[in-house]
Protein chains: 2
Amino acid sequence: MQAHSPLLDRQLKAIANPQRRQVLEWLRDPRAHFAPQVDGDLVADGVCALRIEEKLGLAQPTTARHLKVLVDAGLLVPKRIKQWTFYRRDEAGLAALRAGLSEQL
Amino acid sequence: MQAHSPLLDRQLKAIANPQRRQVLEWLRDPRAHFAPQVDGDLVADGVCALRIEEKLGLAQPTTARHLKVLVDAGLLVPKRIKQWTFYRRDEAGLAALRAGLSEQL
DNA sequence: TTTGAATATTGCATTTTTGCGATCTATGCA
DNA sequence: TGCATAGATCGCAAAAATGCAATATTCAAA
């Protein structure tokens, strides 16, 4: 039998929400979904939280929590530059999720 | 951008719960996890709800609802024989889930 | 047709998730 | 230093998920 994995559990809960999946999908190709930024490369550094917030159409604290859930699940990498936080996908975490799924499902 | 898929959403919510994942995993190899049954083949027909219930250690209505969530998500196939309901994996639905994931994630 | 067994459904309490406004913290710039 | 901006956190309300006991339904056998 399979041991219960807290990480996989957090990851699956994280992607069980449509808006969080939406963010992950946008960040697959940031240039296709977000305008260029001044203080951080869209791909190398990630997308500014404010841009994600306005695209999601949710309040700032709500968006911040969604992003935190994704970071805590190891699916997003945050990067602080000046007073901004940029987010990009954590491809290693996403690979772990896929691996965990194919093992458990 | 990706259209929101209600099916994928239901499937991901379904597997976001550890006990429902446990059921899916047990049913990958029913003979390894359940004793033989009189009225229905473990593999061809599926596993009796009562057996799943006692193995999960949850009350009967709770287990019934978990199973319903999985059926509604297209991840389990129910089969009524006499007064029993047997459940087996819906491999087509699981394949759709994998496909939806690799497309959206 | 009554009885018993297995499952499904209902109703309710508890917990978790999700949303928001208000506030606190960190950073940059005048 | 003072002030503005971006983001994180707190506190709360509404909604959804999860558990159970009680009850209804379905089916088989007496």
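Residue numbers begin at 1 in each chain, while the letters A, B, ... track the order of the sequences.
Here A:T62 reaches the OP1 or OP2 of C:dC20: one of its side-chain N or O atoms lies under 4.0 Å away.
Per the geometry, CD belonging to B:E53 stands 15 Å off C1' belonging to C:dT9, to the nearest Å. In this entry the distance linking CD of A:Q83 with P of D:dC3 reads 18 Å, nearest Å. Distance, A:H66 NE2 to D:dG7 C1': 16 Å, rounded to whole Å. Distance, A:Q19 CD to D:dA16 P: 13 Å, rounded to whole Å. B:K13 places its NZ atom 6 Å from the P atom of D:dA17, with the value rounded to the nearest Å. Atom CG of B:D72 is separated from atom C1' of D:dA17 by 15 Å (rounded to the nearest Å). If you measure from atom CG of B:L12 to atom P of D:dA17, you get 13 Å, rounded to the nearest angstrom. Rounded to whole angstrom, the span from the CG atom of B:L58 across to the C1' atom of C:dA8 amounts to 16 Å.
A heavy-atom distance below 4.5 Å is found between the side chains of B:V71 and B:Y87. Side chains of B:H66 and B:N17 form a contact here, defined as non-hydrogen atoms less than 4.5 Å apart.
Geometrically, B:K55 engages B:F34 in a cation-pi contact, judged by NZ or CZ lying under 6.0 Å from the ring centre and within 45° of the ring axis.
The residue from A:D45, A:D90, A:D41 that alone fulfils the salt bridge (Lys or Arg N to Asp or Glu O under 4.0 Å) condition with A:K79 is A:D45.
Across the interface with DNA chain C, nearest-nucleotide mapping of B:R51 and A:A16 shows B:R51 to be the residue nearer the 5′ end. For B:A59 and A:K68, each mapped to the nucleotide of DNA chain D holding its nearest heavy atom, the one lying further toward the 5' end belongs to A:K68. Along DNA chain D, the nucleotide nearest A:W84 and the nucleotide nearest A:R65 are compared for position; the residue whose nucleotide lies closer to the 5' end is A:W84. Take the nearest nucleotide of DNA chain C for B:C48 and for A:P61: the residue whose nucleotide is more 5' is B:C48.
Here the nucleotide nearest the side chain of B:Q60, chosen from C:dG28, D:dT18, C:dT9, is C:dT9. Residue B:N17 places its side chain closer to D:dT18 than to any other of D:dT18, D:dA6, D:dA28.
Listed here is the closest heavy atom pair of B:V47 and B:R51: CG1-CB, 3.9 Å.
Counting non-hydrogen atoms under 4.0 angstrom, A:F86 reaches nothing in the nucleic acid. Nucleic acid contact class of B:T85 (heavy atoms, under 4.0 Å, all strands): sugar-phosphate only.
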